[in-house]
Amino acid sequence: MAAKGIFKTPSKSLERRQAGQGSCSPSIAIPASPFMRKLGYGTGVNVYLMKRSPKGMSCSPWAVKKINPKCDSSQRSTYQKRLNEEASILKNLQHPNIVGYRAFAEAEDGSMCLAMEYGGEKSLNDRIEERNTEHQGPFPAATILRVALHMARGLKYLHNDKKLLHGDIKSSNVVIKGDFESIKICDVGVSLPLDENMMVSDPKACYVGTEPWKPKEVLEEDGVITDKADIFAFGLTLWEMMTLSVPHLNLLGEDDDDASFDEEDFDEDAYYEALGTRPPLNVEELGPLYQKAIELFSLCTMEDPRKRPAAAHIVSVLEAEGCVQ
């Protein structure tokens, strides 16, 4: 099928209404995957770049999330339901540190796709991997604190204003534009509602998350899950920027940087015992410039969730210090 004619772009006024209200319009057509550049992937989904400048018009591109075509029918049903839920949540969010909703539309293959704002971003995880490959060492302390402030602002909005637990904070779910000009949290598809006490009290709610970033309370059968579960994962995201590693998977020796992961050397028992705990950090190697970032990481990864700071408190402290914007 030719690529021509597959874009049907609405007028600017209609586009703005769709962006604000989350309506799904037949005037929006998502092209087939081969006509879009693949940006990345997640569990059961791929993300593509959708350019939108037909007939000489200049329209901002979108990032389009689609179900991975390799998923079987049962998997597709599960991931499609999750994508539907993410679209429903995202269309009601509007914050400079949360990726913006654009549309929920049908692709040419009949599957529903979630279109989001795109500004040339890479995930924070991509930046970490690039820095690791180039042996550049930890991110500058000021950059880590900037990421911390903007992520905390996004979490404050989710927790306080929308009463939502993100439920899967990690570097892969943070998108960065340019030289950290903008920092946005994405992937709200597994968010959980918080009650007035900042608790996940719905007995049907299931915390999904990603294993290395899970706090102790979500690993326990009767653990009480609160907004502080996001704070623990937030702390580990700062740790990622200081170590360029995945929590609890930095199993190679310090002099073995070029070695590939060997499954036979993986200590599964040690890994599962470490989950939910604070991973080690070489404070001496980082130096005094990282003191504030280290202190914040340490507070956010306290095993007792009641001892972790709330997102609003993190924002107020970092803003009061005036060292980052």
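Index from 1, following the sequence. Quick note: numbers below take in every heavy atom, side chains included, and nothing from hydrogens, waters or symmetry partners. Bear in mind the structure is a predicted one, so any value in this text is a computation, not a measurement.
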The reported gap from OG1 in T78 to CZ in R82 (rounded to nearest 0.5 angstrom) is 8.0 Å
A side-chain contact here means heavy atoms from C-beta on lying under 4.5 Å apart; do H248 and T277 qualify? yes
I need the Y290 OH to E295 CD distance, nearest 0.5 Å. 15.0 Å
Do H166 and D230 have side-chain atoms, one donor and one acceptor, less than 3.5 Å apart? no
Heavy-atom closest pair (V200 atom, A205 atom, distance to 0.1 Å) is CG1-CB, 3.6 Å
Closest heavy-atom contact between P212 and L236? O-CD1, 3.4 Å
Check this for me: Q94, atom CD, are more than 12 non-hydrogen atoms of other residues, nucleotides or ligands nearer than 6.0 Å? no
Report yes if some heavy atom in the side chain of M302 is under 4.5 Å from a heavy atom in the side chain of R278; otherwise report no. yes
Tell me, with the steps shown, if Y271 and E211 meet side chain to side chain donor-acceptor pair (under 3.5 Å). CA-CA 10 Å; Y271 166 74; E211 200 168 67; 2.8 Å; yes
Backbone of M199 reached by a side-chain donor or acceptor of N197 within 3.5 Å: no
Determine whether L299 and R308 make a side-chain contact, defined as any pair of heavy atoms from C-beta on separated by less than 4.5 Å. no
Could you tell me whether a side-chain N or O of K184 sits under 3.5 Å from a main-chain N or O of M151, the two making a donor and an acceptor? no
Please confirm whether the backbone N or O of F234 pairs with a side-chain atom of W213, one donor and one acceptor, at under 3.5 Å? no
Heavy-atom side-chain proximity of L90 to F104 below 4.5 angstrom: no
Are the side chain of N132 and the backbone N or O of L244 linked by a donor-acceptor pair below 3.5 Å? yes
If only atom types and distance count, is the side chain of D227 paired as donor or acceptor with the main-chain N or O of L194 below 3.5 Å? no
Would a 4.5 Å heavy-atom cut-off, applied to side chains only, mark I314 and I231 as touching? yes
Which heavy atom of P279 sits nearest to which heavy atom of F297, and what is that distance? O-CZ, 3.7 Å
Does the Y101 side chain pair with the main chain of E117, one donor and one acceptor, at a distance under 3.5 Å? no
What I'd like to find out is whether the side chain of L158 reaches to under 4.5 Å of the side chain of L93, using heavy atoms alone. yes
If every non-hydrogen atom of A312 is compared with every non-hydrogen atom of N160, which pair is closest and at what distance? CB-ND2, 3.9 Å
Quick check: does any side chain N or O of S245 sit under 3.5 Å from a backbone N or O of T243, one acting as donor and the other as acceptor? yes
Do W239 and P247 come within less than 4.5 Å of each other through their side chains, counting heavy atoms only? yes
Does a side-chain heavy-atom distance below 4.5 Å link H159 with M198? yes
More than 12 heavy atoms of other groups within 6.0 Å of K163 NZ: yes
The reported gap from CZ in R306 to OG1 in T226 (rounded to nearest 0.5 angstrom) is 10.5 Å
Using a strict threshold of under 4.0 Å (side-chain N to carboxylate O), is an ion pair present between K65 and D187? yes
Within the side chain of R131, is there an N or O that forms a donor-acceptor pair under 3.5 Å with the backbone of P138? yes
Using a strict cut-off of less than 4.0 Å between a Lys/Arg side-chain nitrogen and an Asp/Glu carboxylate oxygen, indicate whether K204 and D202 qualify as a salt bridge. no
Crowding at CD, E85 (>12 non-hydrogen neighbours, <6.0 Å): yes
Atom NZ of K156 with >12 non-hydrogen neighbours under 6.0 angstrom: no
Does T143 use its side chain to pair, donor to acceptor, with the backbone of F139 at less than 3.5 Å? no
Between E240 (side chain only) and S171 (backbone N and O only), is there a donor and an acceptor less than 3.5 Å apart? yes
